[in-house]
J.: 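The structure's right below; bear with me while I get my questions together.
Values below: all heavy atoms of this structure, side chains included; hydrogens, waters and symmetry mates excluded.
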Amino acid sequence: MDQLSAEARILAAIRAIPRGRVAGYGEVARRAGLPGRARLVARILAGNGDDALPWHRVLRSDGRIAFAENSRGWREQARRLRAEGVEVVRGRVRMVRPDADLDAALWGPSA
DNA sequence: CCCGTGACTCTAC
DNA sequence: CGTAGAGCCACGG
């Protein structure tokens, strides 16, 4: 596979995250068939310009917003998440850590 | 080719 | 639950 299709798959994986739900960079990468490429996902997002892309639903593995606290992106992401009903406390969302095998664990912040 | 940087992650303590 | 360190991947100087 080349990087172009890899990017396309990553973007598709992000677009597939339901409204009101979140996913980690690593999850997105894995779902795109690129395990271990969490940083690639971050890089793609950093260069993305598509506003229609639900980039705000992508968080770190621990549920924290990846941007520096109180930075512009940080605030914007928190705002967008709350706008769709996601509870954001101190820049972080309740994420499920356990074995990401079940769809529920893979897609939801709280079951 | 080595080195620094980053919207990352995992393991220890 | 929080910090510290090492590992990782892609990129640009």
J.: Expressed in angstrom and rounded to an integer, what is the separation of A/L81 atom CG from B/dA7 atom P?
T.: 18 Å

J.: Can A/R57 and A/E84 be counted as an ion pair, charged N to O under 4.0 angstrom?
T.: yes

J.: For A/R90 versus A/W74, what's the shortest heavy-atom pair and its separation?
T.: C-CZ2, 4.2 Å

J.: Can you find a side chain N or O atom of A/R92 that sits less than 4.0 Å from OP1 or OP2 on C/dG2?
T.: yes

J.: Could you state the OH-C1' distance from A/Y25 to B/dG6, rounded to the nearest angstrom?
T.: 11 Å

J.: Output the rounded distance in Å from CD (A/E7) to C1' (C/dA10).
T.: 12 Å

J.: Please check if the side chain of A/R64 supplies one atom and the backbone of A/R92 the other of a donor-acceptor pair under 3.5 Å.
T.: no

J.: Tell me which nucleotide among B/dT9, C/dC11, B/dA7 gets nearest to the side chain of A/A46.
T.: B/dA7

J.: Report the nucleotide, chosen from B/dG6, B/dT9, B/dA7, that has the shortest atom-to-atom distance to any side-chain atom of A/S61.
T.: B/dT9

J.: Under 4.0 Å between any heavy atoms, over every strand shown, what does A/G73 touch: base, sugar-phosphate, or nothing? Just pick one.
T.: nothing

J.: What contact category does A/W74 fall into here, base, sugar-phosphate, or nothing, at under 4.0 angstrom with non-hydrogen atoms?
T.: nothing

J.: Using a distance-only criterion (donor-acceptor N/O pair, under 3.5 Å, no hydrogens), is the base of B/dC8 paired with the side chain of A/R60?
T.: no

J.: Taking for each residue the nucleotide of DNA chain C bearing the nearest heavy atom, is the 5' side occupied by A/R43 or by A/R39?
T.: A/R39

J.: Inspect the contact between A/R80 and A/D51 and indicate whether a charged nitrogen and a carboxylate oxygen are less than 4.0 angstrom apart.
T.: yes

J.: Answer with base, sugar-phosphate or nothing: what part of the nucleic acid does A/R90 contact at a heavy-atom distance below 4.0 Å?
T.: sugar-phosphate

J.: Between A/R37 and C/dA10, is there a contact of a side-chain N or O with OP1 or OP2 at under 4.0 Å?
T.: yes

J.: Starting at CG of A/L11 and ending at C1' of B/dA7, how long is that distance when rounded to a whole Å?
T.: 14 Å

J.: Among B/dA7, B/dC8, C/dC11, which nucleotide sits nearest the side chain of A/A38?
T.: B/dC8

